[in-house]
Each structure stands twice: as structure tokens, then as C-alpha cells.
Amino acid sequence: MTLDKTFDPKQIEDKHYGAMEKSGAFAAKPQSNNAPYTVMMPPPNVTGSLHMGHALNMTIQDILTRYNRMNGKDALWQPGTDHAGIATQMVVERQLDSEGLHRRDLGREKFLERVWQWKAESGGTIVNQLKKLGATPDWERERFTMDEGLSKAVTKVFVQLHKEGLIYRDKRLVNWDPHFQTSISDLEVEQKEQKGKMWHIRYPVEGAEAEYITVATTRPETMLGDTAVAVHPEDERYTHMIGKNVVLPITGRIIPIVADEYSDPEKGSGAVKITPAHDFNDFEVGKRHNLPMINVFDTQARIVKDNGSIPDAYHGLDRFKAREMILRELEELDALMEVEDIKNALPYGDRSGVIIEPFLTDQWYVDAKTMAGPAIEAVEQGKTRFIPKNWENTYFEWMRNIQPWCISRQLWWGHQIPAWYDEDGTVYVAENVEEAQKQAGSDAKLTRDEDVLDTWFSSALWPFSTLGWPDTDNVDIKVALDKYYPGDVLVTGFDIIFFWVARMMMMGIHFMGDVPFKDVYIHALVRDSKGQKMSKSKGNVMDPLELIDKYGADALRFTLTAMAAQGRDIKLAEERVDGYKKFATKLWNASRYCEMNNCIPQAGFSPDNLQYTPNIWIVSALVDAKGAIEKAVEEYKFNEAANAIYQFVWGTFCDWYLEFTKPLLQEEGADAATTAEIRATTGWALEQIYVLLNPFMPFITEELSEAMCADKGQLLMQGAWPQYSEKLSNKDAASKMDWLIAVVSEIRSVRADMNVPAGAKIQLLVKGASDVTRESFADYEEIIKRMARIENIAHTDMAPKGAIQTIVDEATLILPIADIIDLDAERERLKKRISKLEDDINKINQQLGNQAFVANAPEEILEEKKTLLIEAETAREKFSAALEQLEAA
RNA sequence: GGGCGGUUAGCUCAGUGGUAGAGCACUUGCUCGACACGCAAGGGGUCGCAGGUUCAAUCCCCGCACCGCCCACCA
């Protein structure tokens, strides 16, 4: 088969993915004896579409999976999607809204039908996008957090934790989202700083004419629910008032002045209004002083109607409207003392974008504090390690200060809580209604808890629920759990360490008795080229699918890989993607060259006994590159892996090896044995490149290996990763070629400096400065002869007068081209070289003259310096001599 | 307020206790049978600022400045 003239990613990508998937190469093989390698895919939201963060996350996982699979591991990359409670409900509600409907019009059952219908129609989007990226999870095992098995796991976990007292029901303040009319967890609240106002309001003291106490607040509307004013017990301004009452303006309720250390004399007036039902701190104060908790809002954050003391005019009023009205009224009452402009942070719901209201309700909680203990210990003991390590601090910090986790949501889409209430309100938690009925007695009339669980509750079980837990009676499931739990690595962004990683740790340890994964690789956030977070509102979103369309999936993957340095955000510039597209093209064309020159992989070729130095060298360089890639991947240094393969393919293989050998292949009458060896070695090296590059650029390498290699399309198979014998790494050949490369570079440099006309042939004589160098020259000269054509060099045995001399390492090159060069330019060149050498010499002499340095520096550093000095001095002498000769002429 | 990270070439970023690197951009010259998505040769840096440790600091320690992020609080 012949390769097309240009490389077009679009033509090959779909074709390859489909074929590979069908071949079953992505599938885990639980029955095999191969050691497992497990990666749990963070399940993307079923509503989602692929964004740059996914692209990075999935690329890294895919590299790890492919790499380990090729290394003979039984790789399981477990895919799936998350039902994403609020997000999904939101999408479907919006859809209903466009039809003029509300979910309550449909009722719970019909609404859920609609969501499932939506999921069936649109839920596959992200899966298809992952395929475009080239991700190779085991699609046969794809799971959904709401499917039957996972729901069963959720129920079992809930019931068991409840039995153990780790899940309980409690009435306390929660973060209430008035838009979705549900509680949300602390983590779903975003603080946003903005301009605000502080209002100072005076409350008249009961029974004392003209005596007031002034409080300051950013939320005057909550005064409808005030049940006290607190002052610091030692604040002399107020000690005499403690125990007295104030009359709350507008409502006229009488509330006490209490002493509480929460009140800070330094802040505001030193007196603070206490609204236990609408402020987290006030709630604590309220509990300490047994204050009543008066709720003034309904679930949509409108003023309630049934609170005895609130004037009718406020009933049903939106919280911000109520604020305006309160302020107006206070002003009329002459109670508003001061309005201050301030900056303050307000809590917003991360999904709804509306201001969160602290709200007093009954909710279900997980005793996270207790469950965090073993999870902290596991990381302390190194059972799970974070990479980079500094994220462990973040994890510890949060886990040690963890708050009860509110897990109930007043939504419909999600796992409905397995709790039933009888007519007295007694709760029965059970795996099903029959069980609950048994507990409650057959007469009891049970109704099920309406609420569903936080989405993250089911995600927390992902590492074992996806494997089939709790059905351990099933043999296949037992085998899978034994083999694939705990997983090897979790790859994720730091933004969900708390949401997800921490909770998987807690649940995994509790239910499986072991951590869910050994490594947690935390990758950077992808930002735009200016370092800003990508967001739709800023309009700086880069769409991975567009980039794939434009540059190919391989180029995008490689870019993300090359930029995934640990501990740093990725500022992604489109030019980088373009650059790596060029890399793919380069490889494509190198393959074309090889094909045209009949350098194709040959069966039975062994790189062990090569004769021709460049061949020995390229094999050696390849072995070194492989080692560098392996080390980098195993240390999760993906940028280093990408650079190693890039450098090898372009900088070593194409730029030097192919160029060195090219003249020989195209020369008539060249030594047949040598050219045959070159052809075979080139073909072999090319095939190795496809293999080594495959985890990073799967599409192009699969296409090329299919086109070029005999054993087509084997790259994905277990055991495809090469194993080389150690002796293939040949230092001798490497140093010879390094020298030769230096010589060639020098010749090119002189040629450019001297403005040697393009067609002019220059002659070259290599003279060794030392015996060692001279001894090796037979080999060098041979090689130089071989490559003479491309550099347009003629070899000479004698240096004519007026030749240009130049130094490379220990050898002198004599370039007898004086008749065709620019003498002034040569003088300048020599002067420049000499001056630079003198700088170096001075610097080294200075160091060597320092007695402390000589006394303390390690031996090898000293030796190095001395060698450098001798080299520089020799070179300076030679250049000076050449300059003198030139001046004389 | 607590914590974390960053500051290296025009840009985006690697890196190291002992000659400072890459890609892109830039300059110059090349369409010679893989590739102009290319080849070759170049220019360009007090490694944020100030101290300290060391024979030696871009790297380790301390402080400062600026930038970014996370957490908490905000009467």
C-alpha cells in the first residue's frame, strides 16, 4: 500500500477507532492471569459534552491504559456516566419550560419518565466524543450511576450506614437553593465577592425612653426573624443592658439582649442581631441561649405568610423586595442610622447561580467526621498517595475540618432515599418497602421519603459499585472485585478532591476494607492562553472537538500531554496544537520516505549484530528514548514522556539518522551489505517509533503501522510494548555519532558564516589532536565519506595552504576553501571565536585560582573544569594561529 | 484571616547546587526526488527584588513585591 502525499487526520480517525473497538482490544480480561491495571474513569455528567478538562483527563488515562495494556497488563479502564442530579433535572425542566410546563404539572413519575427519555436520546453524546478523542475504556462495562446495579449498591450503603449510626436525620441550617428549592452541600456553594451595603439599625430598649442599641447588618430583611441581640459579656458599653429586652422595629416583637462571646466588640457597634433560622453563626448562638428559631422565608425565599408577627404587607414578598421595603420603613421610623458601602462575599449556588439562603430544615446527614478518620490514616500511611504530593495537604486540611455531609436533596432525579415514615412520623430505613413494613408493623401506613440523594453519594461508590458490588454471590463479580479493587490510579482534577476523591476514600475503606486506589494523579486545570479559566460567559472556551476537527485528535492529545507538567495549570495556546499537528505530518512524511526507499520492517530482523555505526547508534538512541518514556510515564511526568518521543522522532531519527543514511541509499554502487543493513534498521526503528508513540498518538501510529508493517494493527494488543536487551544501548556508537554531529554542525556553521556559495564543494581533512581521537578516525572518515554528498564535502588527505581551520572537540577540521570565501568574514569569525574562548578561559582560571574551590569541589567537577580549560586553550591557540596566517596573507 | 502555587528568551513553558533549555515568534539562506505542516544557519536571558547558607545559588533558607488558586470569615 502506498501512502498518500499528505496526512489528513479526518480520513483515518473514525476508521481506526471503529476497527479497534470491534476487535475487543479495549476489553478487560478478568479470567486472564495477567496482572491487572485498573483505572476508574471519573464519570462525566450525562448532560455533559466534552470540554478541555475532560480532554486532558481522558488523554492521560488513555495513555496510562494503553501503555500498561501494551506492557502486558490486563487493563481495565472502567467507563460510565453520572446521572448528575441537579444538572440533569435542570436540563429537562428547561425543556418542559419551553413547552409551558412545570415538573409539578407532570408529577414525579411522569417527570422521571421524561428524564429517562431525555437520557436515552441525548445521554450518549459524551461517550461518542470520548471515542473521537481515541479513548479506549472497556465500553462493554459502561455503567450509569442510576442503573439497576449501582442503585442497589446505593441503597445497601445507605441502609448499612444508617444502621451503624453514620447516617442520621437532623434539623439544622442547610444551604438552601431557592431556585431549585433544595438543600445543597457546603461544597456546592460558591462565595463571590461584590459590592454591598451595611445598614446600621437601632433597636429601642424596652421600657427605657430614648435608649437604643445599634446593630449592623448586610441583611436587614432577616430582622423579621431576629430573636435576640448579642453583646460581648465584657463589653462595658453594654454590660448594663444584658438581660434587658429590645423592641424589634416593624414587628414589635420583644427580644432579649444576651451576652455571647460570638459578638466582637471591635466590629460594627459591638452589638449583633441574632437570627438563628437564617445565619449559621446565629444558629449556634441561638442554640446556646435556647432562643426561638423563627423562620421568615418559604422555600423560594419569599416572606412567609403564617408568622404571627410579620405585618401582612410583607407576606409573600421576595427577599430582596422585602429588604427594600424594610429599609424604607426603618427610615420612616428613624431607625436607620447609617448606610455603609462595603465589599462582601455572598454565597451562590454553583448550579443555579442564585444567592443561597441558610434555611432551617430536616435533612439526612453522613457523619463525615467519623468516616474521615480511616481515610486520613490511609493517606498518612501511604496506602494512597497523591501525585503531586502537595495535594495531600489540601486533602488533610479539608478532611480534618470536615463538616457533616448533607446528602438529601429535594429533587426528583436521583436515588430516592430508602426511608419510610408512618403516620406518627417515625422513620424506617430499609432496602425496600416490605422490609420497612416489617419494621413498622403491618398496620402502619407508610409513605416514602420524597427526597433523593446527593449525586456524589453514588459517585462515592463508583470504584466498587461499577464492578458489581454488592452481588458477591455472583462468581464473575467476585472475580472482578478481587482482581480490580483497589484500582491502580485515579486521574482527576483538583477541583473534585473534596467532592469525589475524599468521599470515595471514605466509602471504599468502609465497605471494601481497603483504599479505592493506590495513586491519585491530580492534573492541572486547563486555562486559556492568558491563564484565565475557560468559561462560556468569558467566551474564551476552546472546544476540544473543534480542535480535533481542525488538527486531529492525535495533535490535541499530544499537546495536552506535552503541557501536562505537574503542579501547574495549563495555559493552552492553539499554536501549540498546530505545532504538534506538524509533528504528526513529519512522522507521516518520514514514513513515506521510508516506504519510497524500501526501508520497511522486515521479518526476522534483529538489531543485535549491526556493523554500520549509524545503525548501532540509532538503535541505541531508540533504546534510550524508550527508557526515558517509561520512566516518565511511570512517574506521571507526561510532558517529559512526550518530549522524549518528540525529540527522538524529529531531532534524532529524521534530522540525523535519515539524513546520514540517505546519500548511501541513493548512491549507485554503494556497498550492498551496508545499504541492506540500513534499510532493515530503518524499517525496524520506524516500527518501534509507532509502538512507542502509540499511547500518545494512537490514530496516526495505527494507520502507519497498518500501512507499513507486516503484523498489522497489533499495537493495541497486550504485550505490544517492546523489550530490548540492555546491550543495545551502545555508548561507544553514541559518542562517535555525537562527535560526527558536532563536526557536521561546525561545517554547516562555517559554510554559512563564510558565505560559501551554495554549489561550492569544500574539502575536509580531519586531524586528531590526541592519539585517542586519531585512533578512531578510521571509523569517522568512513562515515564522513558516506555522508559527503549531502554536505557537499570532498575528503582530502592533505591540508593546502590558506585552509580554514576549525576545532571540534579534540579534532581539527581543515577546510581548504580559502579561494571561495570572504576573507573579511573569516577574520570576523575568528575574532569572535577567540574572544569567546578567552572569556571562558578567564572564567575557569578564576575558579581554579580559588583555593577554597580547589579544596572543596568534588573531584569530577575539578577534572571537568581542567579539561574544559585545556580544550579552550588549545582551541584559542589554533584560532589565533589561523588568524595570524590570515593577516599575513 | 489560613493555606498552596507561580515569577526563567518577545509569547507559552521545561529544567538544574558547578558551561541556562524547548516549541512558537523573529533574522538570513534554501522549492536539492519524504516533508515549505519543510531544511539549514543565527539573534535574543543579571533565571521577580533584597538578604543568608556554600568554595560555588536561577536552584537551598529568610524576607519583600506582584500574579493566580483553594479554604474560612465578613455585624
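Residue numbers begin at 1 in each chain, while the letters A, B, ... track the order of the sequences.
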Distance, rounded to the nearest Å, where A:Glu397 contributes CD and B:rA72 contributes P: 10 Å

Among B:rG15, B:rG38, B:rU19, the one nearest A:Trp650 by side-chain distance: B:rG38

May I ask you to say what A:Ala855 touches in the nucleic acid, namely base, sugar-phosphate or nothing, with a heavy-atom cut-off under 4.0 Å? nothing

For the ring pair A:Phe386 and A:Phe494, is the centre-to-centre distance below 6.0 Å? no

I'd like to know if A:Glu357 and A:Arg219 make a salt bridge, using a cut-off of under 4.0 Å between side-chain N and carboxylate O. yes

Choose from B:rU12, B:rC74, B:rA34 the nucleotide whose nearest atom is closest to any side-chain atom of A:Arg576. B:rU12

Options B:rG23, B:rC74, B:rC35, nucleotide nearest the side-chain atoms of A:Ala345: B:rC74

What distance, rounded to whole Å, do you find between the two C1' atoms, one in B:rA57 and one in B:rU19? 15 Å

Side chains of A:Asp260 and A:His289: donor-acceptor distance under 3.5 Å anywhere? yes

Whole angstrom value for the distance that separates C1' of B:rU16 from CD of A:Glu640: 12 Å

Which value, in whole Å, describes the distance between the P atoms of nucleotides B:rU46 and B:rC59? 16 Å

To the nearest angstrom, the CZ-C1' distance between A:Phe494 and B:rG3 comes to 14 Å

Taking the C1' atom of each, how far is B:rC39 from B:rC32, in whole Å? 10 Å

Is the closest side-chain donor-acceptor distance between A:Tyr690 and A:Ser591 under 3.5 Å? yes

When you check the phosphate oxygens OP1 and OP2 of B:rC70, does a side-chain N or O of A:Tyr395 lie under 4.0 Å from one of them? no

In whole Å, what separates the P atom of B:rG17 from that of B:rU7? 16 Å

Take A:Cys654 and A:Phe498, find for each the nucleotide of RNA chain B with the closest heavy atom, and name the residue whose nucleotide sits nearer the 5' end. A:Cys654

Does a salt bridge link A:Lys631 with A:Glu635, judged by any charged N lying under 4.0 Å from a carboxylate O? yes

Can you tell me which nucleotide in B:rG18, B:rC37, B:rA40 comes closest to the side chain of A:Lys582? B:rC37

Is the distance from OP1 or OP2 of B:rC55 to the nearest side-chain N or O of A:Asn856 less than 4.0 Å? yes

Examine the side chains of A:Glu871 and A:Thr874 and answer whether a donor and an acceptor come within less than 3.5 Å of each other. no

Does B:rG17 pair with anything, Watson-Crick or G-U wobble, both distances under 3.5 Å, and if so, with which nucleotide? none

Nearest-neighbour nucleotide for the A:Ala857 side chain, B:rC35, B:rG18, B:rG23 considered: B:rG18

Euclidean distance, atom OH of residue A:Tyr657 to atom P of B:rC35 [Å, nearest integer]: 20 Å

Paired to B:rG45 by Watson-Crick or G-U wobble criteria (both distances under 3.5 Å) is none

Please check the phosphate of B:rG38 (OP1 and OP2 only) for any side-chain N or O of A:Lys586 closer than 4.0 Å. no

Considering only the P atoms, how many Å lie between B:rG21 and B:rC55, rounded to the nearest integer? 27 Å

Which is true for A:Ser263 with a 4.0 Å heavy-atom rule: it touches a base, it touches only sugar-phosphate, or it touches nothing? base

If you check the A:Met563 side chain, which of B:rG18, B:rC35, B:rU12 turns out closest? B:rU12

Across the strands shown, which category fits A:Ile844 at heavy-atom distances under 4.0 angstrom: base, sugar-phosphate, nothing? nothing

Regarding A:Asp655, tell me which of base, sugar-phosphate or nothing describes its non-hydrogen contacts under 4.0 Å with the strands shown. sugar-phosphate

What's the gap between B:rA14 and B:rG29 when it is taken at their P atoms, as a whole Å value? 35 Å

Complement of B:rG1, any strand, by Watson-Crick or G-U distances under 3.5 angstrom: B:rC71

Across all strands shown, which nucleotide pairs with B:rU31 by Watson-Crick or G-U wobble geometry, both distances under 3.5 Å? none

Rounded P spacing from B:rU58 to B:rG18 in Å: 11 Å

Expressed in angstrom and rounded to an integer, what is the separation of A:Tyr593 atom OH from B:rC35 atom C1'? 12 Å

Under 3.5 Å, is there an N or O donor on one side and an acceptor on the other linking the side chain of A:Gln846 and the base of B:rA56? no

Between B:rG51 and B:rG45 - P atom distance, rounded Å: 24 Å

Have a look at A:Ala271 and say if it touches a base, only the backbone sugar-phosphate, or nothing, with a 4.0 Å heavy-atom cut-off. base

Salt-bridge criterion met for A:Glu595 and A:Arg592 (N-O under 4.0 Å): no

Suppose we define a pair by two distances each less than 3.5 Å, Watson-Crick or G-U wobble; what does B:rA50 pair with here? none

Taking OP1 and OP2 of B:rU19, is either one under 4.0 Å from a side-chain nitrogen or oxygen of A:Lys865? yes

Whole-Å distance separating the CD1 atom of A:Ile497 from the P atom of B:rG3: 18 Å

Return the value, rounded to whole Å, for the distance between atom CZ of A:Phe653 and atom C1' of B:rC35. 14 Å

I want to verify a distance call: between B:rU19, B:rC35, B:rC55, whose nearest atom is closest to the A:Asn589 side chain? B:rC35

Would you please indicate yes or no on a ring centroid separation below 6.0 angstrom for A:Tyr580 and A:Tyr646? yes

Re B:rU7: Watson-Crick or G-U wobble partner, both distances kept under 3.5 Å, found to be B:rA65

Categorize A:Tyr262 for me: base, sugar-phosphate, or nothing, with a 4.0 angstrom heavy-atom threshold over every strand shown. base

Residue from A:Lys582, A:Lys581, A:Arg576 passing salt bridge (Lys or Arg N to Asp or Glu O under 4.0 Å) with A:Asp578: A:Lys582

Toward the 5' end of RNA chain B, by each residue's nearest nucleotide, A:Leu658 or A:Asp279: A:Leu658

Nearest-nucleotide pick for A:Gln191, side chain only, options being B:rG18, B:rC74, B:rC55: B:rC74

Rounded to whole Å, please give me the gap between CG in A:Asn281 and C1' in B:rC74. 9 Å

